[in-house]
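Since the structure comes first, as structure tokens, the remarks are kept for the end.
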Amino acid sequence: MTMQFGNAPASGSAKAYILGEDGAASPAFAAIDGEAIRSALAAVGFKAAKGKTQVLATVDGPVAVVGAGDLSKFDAAAMEHAAASLYHGTKAAGFEALSLDVRGYDAETSARALFALNLAAYRFDKYFGPAKLEKAPTLKSVTVVVDDVAAAEAAFAPLAAIRDGVLFARDLVSEPANVLYPQSYADRVKALEGTGLKIEVLGIAEMEKLGMHSLLGVGQGSERESKLVVMQWAGAADKNATPVAFVGKGVTFDTGGISIKPADGMEDMKWDMGGSATVVGTMISLASRKAKVNAVGIIGLVENMPDGNAQRPGDVVKAMSGTTIEVINTDAEGRLVLADALWYCQDRFKPQFMIDLATLTGAMIIALGTDYAGVFSNNDELAQRLDEASKTVSENFWRMPLPAQYEKQIDSKIADIRNIGGRPAGSITAALFLQRFVNNVPWIHLDIAPTAWTNEQRIPTVPEGATGFGVRTLDALVAKFYEDA
């Protein structure tokens, strides 16, 4: 799909405008004679409520209107919502070209319209045959009409980098597990070196030498070799400055292992690598926009399968930290992967902070539903900064407690720690398990099980399917608090 800025509506395109409730008009609509359009909208009862769209047939061709609610509160986030809503309301309207007129708004706000259109139009149709491809949206091109094309393009450049990260993450999560497995995943990341990222891939031999038996135990039942991928971006003026770090769970398919999951719904476990996808997307965003920061991204890639060599409930493994772990349930595997990845990260890179992301627990969905990800942290300042960053990009997080008295739930009778603490407070005890491997580095654990995938479109910039959740927040966190002045 073609999307671009222009200083006038594209020839032959349907024209689109933003309207507010109670008859309020955007600058572009106020600049035209819109009485006929208003009359037609009144005739169909259109109220310009936020996100509502209406397509009209006029003597000059089709016109689309998107409601923005209270225009007195219209800002960049509202522009995103309006533009993405417009796309969904017109993508199957029958015309191929659309021109959204946002003249009168500043370049930064106007750029968010094109950004939102890019996110809203995402489709993972790689495996569709001709019959399904014929059902693709009729809309083929969108022009965002602005006052100053050059200024809008300059404002869009960093957003394009974030878009690339979000869409790459969505692609990773959408892929089936027979296509995306540890080696093929590592190969895709290795191919990103052209962006300026430095990529290392560790295999079983290297991880055994490091003592990563917690991670390796998860993948020992698979024919696919486990991998640890290390991404580095050196964008700070001082290339030796302490980096920020992101660590992701990359279970490319999770059967549960010997503690096997029920068959119903197991196909969804292709997206149990959603945390790692967010880390990759974040590193793409930072590198593509040349962020003035040193950053590290680490992803542990495994496939959790139940063959004759698979890890058993009751096994004891030794993590890289030297901690011994009693494996009570092989379906609590993500924390075993992250334990070694987190320890490796802090041991090698001594980062300013570590943020890990994982589709870790179903309990998080029970606690927060599907609109919020859980936040667990040992550092109030870092958690507050994440909260501030998330609000600028409309991603929802909720901080959860880490009560020390729950530590006893993960005590083991035969090892230092066990990998589950029972049903009560399951997400909390999982986070407490991970906290044992951060070595007092400022740290956040993001349980994105509720938000990595959606079975219905909840916000207009995130279509059904893989969401790429977290890329925007982590990029905003770095941009707001950790880049060179």
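For the residue pair Thr370 and Arg458, a side-chain donor N or O sits within less than 3.5 Å of a side-chain acceptor on the partner. Side-chain atoms of Ser222 and Tyr181 include no donor-acceptor pair closer than 3.5 Å. Residues Asn304 and Thr255 bring no donor and acceptor atom of their side chains to less than 3.5 Å of each other. For Trp343 and Asn439, the side-chain atoms include no donor-acceptor pair closer than 3.5 Å. Checking Glu395 against Thr473 by side-chain atom types alone, a donor-acceptor pair falls below 3.5 Å. Using a 3.5 Å distance cut-off with no hydrogens or angles, the side chains of Thr361 and Ser427 do pair a donor with an acceptor.
Between His445 and Trp443, the ring planes are parallel. Angles under 30° get that label, and only those over 60° would be called perpendicular. Using a 30° and 60° split on the angle between ring planes, Phe156 and Phe5 fall in the perpendicular class, above 60°.
None of Ile444, Asp380, Leu386 except one satisfies the side chain to side chain contact (heavy atoms under 4.5 Å, CB included) rule with Arg399; the exception is Asp380.
Here the shortest heavy-atom pairing between Ala83 and Leu117 reads O-CD2, 3.4 Å.
Crowding of Asp238 atom CG: a count of heavy atoms from other residues, nucleotides or ligands under 6.0 Å exceeding 12. Shown here is Lys209, whose NZ atom has no more than 12 heavy atoms of other residues, nucleotides or ligands within 6.0 Å. Environment of NZ in Lys480: sparse, with no more than 12 heavy atoms of neighbouring residues, nucleotides or ligands closer than 6.0 Å. Counting heavy-atom neighbours within 6.0 Å of Lys91 NZ, excluding the residue itself, gives a total above 12. Residue-environment remark: NZ (Lys126) exceeds the threshold of 12 foreign heavy atoms within 6.0 Å. Counting heavy atoms of neighbouring residues, nucleotides and ligands inside a 6.0 Å radius, atom NZ of Lys261 exceeds 12 of them. Residue Lys350 places its NZ atom among more than 12 non-hydrogen atoms of other residues, nucleotides or ligands, all under 6.0 Å distant. Residue Asn309 qualifies as enclosed at atom CG: its count of foreign heavy atoms under 6.0 Å is above 12.
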Please determine whether side chain to side chain contact (heavy atoms under 4.5 Å, CB included) holds for the pair Met269 and Val251, giving the CA-CA distance in whole Å, both sets of side-chain angles, and the decisive distance to 0.1 Å.
CA-CA 9 Å; Met269 288 300 95; Val251 180; over 6 Å; no
Start with the C-alpha gap between Leu357 and Leu474, add the side-chain angles, then the distance that decides, and say whether side chain to side chain contact (heavy atoms under 4.5 Å, CB included) holds.
CA-CA 11 Å; Leu357 300 98; Leu474 297 183; 3.8 Å; yes
Yes or no on ring pair (Phe, Tyr, Trp, His ring centres under 6.0 Å) for Tyr122 and Tyr87, after CA distance, side-chain angles and deciding distance?
CA-CA 11 Å; Tyr122 175 82; Tyr87 170 77; over 10 Å; no
Decide yes or no on side-chain hydrogen bond (donor to acceptor under 3.5 Å, both in side chains) for Trp453 and Asn455, but give the supporting numbers first.
CA-CA 7 Å; Trp453 185 275; Asn455 290 320; 3.2 Å; yes
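By the 4.5 Å heavy-atom criterion applied to side chains, Arg335 and Ile420 are counted as neighbours. Leu432 places a side-chain heavy atom less than 4.5 Å from the side chain of Leu402. In this structure the side chain of Trp271 never reaches within 4.5 angstrom of the side chain of Phe253, judged on heavy atoms.
Rounded to the nearest 0.5 angstrom, Asp331 CG and Ile260 CD1 are separated by 9.5 Å. Note that CG of Leu338 and CD of Glu333 are 9.5 Å apart. Values are rounded to the nearest 0.5 Å. Here the straight-line distance linking atom CD1 of Ile258 with atom CZ of Arg312 works out to 8.0 Å at 0.5 Å rounding. Taking CG of Leu159 as the reference point, atom CG of Leu114 lies at 9.0 Å (rounded to 0.5 Å).
Ion pairing between a basic and an acidic side chain is recognised when a charged N comes within 4.0 Å of a carboxylate O; Glu193 and Lys190 show such pairing. We find that Asp272 and Lys249 are joined by a salt bridge, their nearest charged nitrogen and carboxylate oxygen being less than 4.0 Å apart.
Between the side chain of Asp447 and the backbone N or O of Gly374 there is no donor-acceptor pair closer than 3.5 Å. At least one donor-acceptor pair under 3.5 Å links the side chain of Ser184 to the backbone N or O of Val179.
The cationic group of Arg385 lies under 6.0 Å from the six-membered ring centre of Tyr482 and within 45° of the ring axis, placing it in a cation-pi geometry.
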